[in-house]
Engineer: 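Take a look at the following structure, please.
Just so it is clear, the model here is predicted, and its values are computed rather than measured. Note that ligands are numbered from 1 as they come in the structure, with each ligand's atoms numbered from 1 the same way.
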Amino acid sequence: MKRRAVLGAGAAALGAAGIGWSLLTPKLPGKLLHSRAPLPRPFEARLAIPAVLAGEEIVQREADLAILPGLTTRAWTYNGSFPGPTVVTRSGRAATVMHRNQLPEPVVVHLHGGHTPAGSDGYPIDQIMPLPPAAVHHDMATMAGDTTVGARTYRYPMQQRAATLWYHDHRMGFTGPAVYRGLAGFHLVRDDEEDALPLPRGERELPLMITDRAFEEDGSFRYPLGDADYMNGVLGDVILVNGRPWPVHEVDPARYRLRLLNASNARRYRLQFDPQPPGGDAFVQIGSDGGLLTRPMGHDTLELAPAERFDVVVDFARWKPGTKIRLIDRDGGDVMRFDVTGPKTDDPSRVPPVLSTSAEPLPPPKRSRTFRFGQGRDGTWRINDLTYQPGRALARPRLGEVEHWRFVTDFHHPIHLHLNHFQVVSRNANEIGEYDRGWKDTVDLRASEAVEIAVRFTDYTGTFMLHCHNLEHEDMAMMADFVVEP
Ligand code: C2O
Ligand code: CU
């Protein structure tokens with residue numbers, strides 16, 4: 001009933017503007033931006049696996065990357081690569097990452113999925129100013145947060161379970177263009193529970209960051225900065241996996257662990273293999289945003305909203321050697337290809353029937369809150385009809401308490417919470433969806449849906465973020481503070 005009320009309000013606003021609801025509301029978020037550069041054919045590039053970070057320092061700098069044949073792409077990078085280096089840390093062992101900013105603009109680093117104290121969480125106005133400071137345009141001087149010049153050390157206690165996290169830029173109003181230009185990388189947390197499982201590892205464990213981009217004629221990234229036509233999200237016409245256009249990867253006929261991350265600004269994916277293996281259930285999901293599921297779960301298709309991660313095991317021995325298996329997006333075409341080569345090899349890996357015991361449901365909530373995600377008449381994206389304002393908290397949960405948060409919307413919004421992972425408890429007042437299992441930090445809220453989550457706020461007080469992870473929506477103010485109080 002509530003859901004219908006929200007829809008009604010949106011429709012009324014549009015009616016007042018004299019435009020039909022269905023005409024204005026596209027089926028999927030985002031608007032396609034076409035490349036001006038000649039594009040390669042799919043499956044000509046090799047998949048690359050980002051290097052693991054050595055040491056504890058990352059330099060943010062411009063670099064010329066070879067993405068399209070014959071052209072270079074001037075990108076914003078972590079240590080000169082896109083994706084940035086993969087940070088690998090150990091559960092329970094505190095880590096620090098010092099970021100130096102050699103880019104021409106301020107940056108902010110957020111560890112997405114990190115259980116991180118407020119001071120290191122990448123609050124959007126806690127910027128690292130570039131050097132020399134004279135180069136800074138003080139466009140947001142009035143919103144100066146806890147700002148540093150040239151560098152900042154982020155401290156991660158890593159009191160959290162093994163999971164596929166990622167780090168990316170989070171600057172107020174500029175997260176979309178900064179991530180699009182290349183500021184994103186993996187951060188893998190490992191722990192003993194996961195190490196003890198016979199999952200595929202080494203060369204058979206692949207982090208795969210999926211993004212879409214458009215390119216200018218000279219090979220640079222094409223982004224419609226400030227173009228109101230794209231405030232529903234920017235979609236590129238090239239799919240990059242780990243920064244390569246529609247790459248190919250040769251695999252043994254054996255099990256592989258794929259850590260899939262949708263790091264696209266606005267594009268959603270419905271991933272499927274073509275051909276599918278006999279018997280279906282090609283993707284055996286073992287984990288979600290917050291690490292291992294209790295039990296594995298088979299899927300034919302995986303739906304990934306922006307920022308979601310799916311940790312899956314795929315057994316390439318289920319296809320005949322020699323098969324070229326396309327990974328496709330059912331809504332958008334090719335993503336990458338796996339070529340099964342070589343004879344049957346030794347495969348010591350398995351997917352055990354029980355993966356983890358640390359995912360019992362949370363106890364009943366101390367209180368419930370509702371957050372409505374919608375668009376204002378001025379086109380801004382809003383939460384509870386408010387555009388983002390640093391320092392204005394929409395919720396003040398108490399440390400240690402469980403709350404239920406209900407997200408309602410008229411349109412697609414992937415909703416992300418900082419600080420703690422949560423459990424989805426219902427979708428449209430019903431059972432949770434096929435992709436809602438386990439510990440999540442981003443939940444896919446689709447048109448006209450209501451999703452309820454349970455979350456316990458633990459360990460750290462202070463100001464954290466709740467926002468839409470469609471980065472154009474986020475930059476257009478669909479973000480809110482919540483303050484965890486002692
Ligand atoms: Cu991945 Cu607040 O963001
Ligand atoms: Cu959104």
Engineer: Judged by atom type as modelled, is there a donor-acceptor pair below 3.5 Å linking the side chain of Asp481 to the main-chain atoms of Gly391?
Structural biologist: yes
Engineer: Out of Tyr388, Trp381, Tyr230, which residue meets the ring pair (Phe, Tyr, Trp, His ring centres under 6.0 Å) rule with His473?
Structural biologist: Trp381
Engineer: Under 6.0 Å between ring centres, would you say that holds for His418 and Phe482?
Structural biologist: no
Engineer: Taking atom types as modelled, is there a side-chain donor on Thr301 or Gln272 under 3.5 Å from an acceptor on the other?
Structural biologist: yes
Engineer: Is the distance between the Cu ion (ligand 2) and the nearest N/O/S atom of Cys468 smaller than 2.8 Å?
Structural biologist: yes
Engineer: Of all the atoms in His413, is at least one N, O or S atom closer to the Cu ion (ligand 2) than 2.8 Å?
Structural biologist: yes
Engineer: For the Cu ion (ligand 2), what is the closest N, O or S atom on His473?
Structural biologist: ND1
Engineer: Checking salt bridge (charged side-chain N to carboxylate O under 4.0 Å, His left out) against Glu194, which of Arg90, Arg259, Arg161 comes through?
Structural biologist: Arg259
Engineer: By atom name, which N, O or S atom of His168 is the nearest to atom 1 (Cu) of ligand 1?
Structural biologist: NE2
Engineer: Give the total of protein N/O/S atoms at a distance below 2.8 Å from atom 2 (Cu) of ligand 1.
Structural biologist: 3
Engineer: Does the separation of the ring centres of Trp439 and His115 fall below 6.0 angstrom?
Structural biologist: no
Engineer: Any chance the side chains of Arg244 and His249 put a donor and an acceptor closer than 3.5 Å?
Structural biologist: no
Engineer: Are the ring centres of Phe457 and Phe464 closer than 6.0 Å?
Structural biologist: no
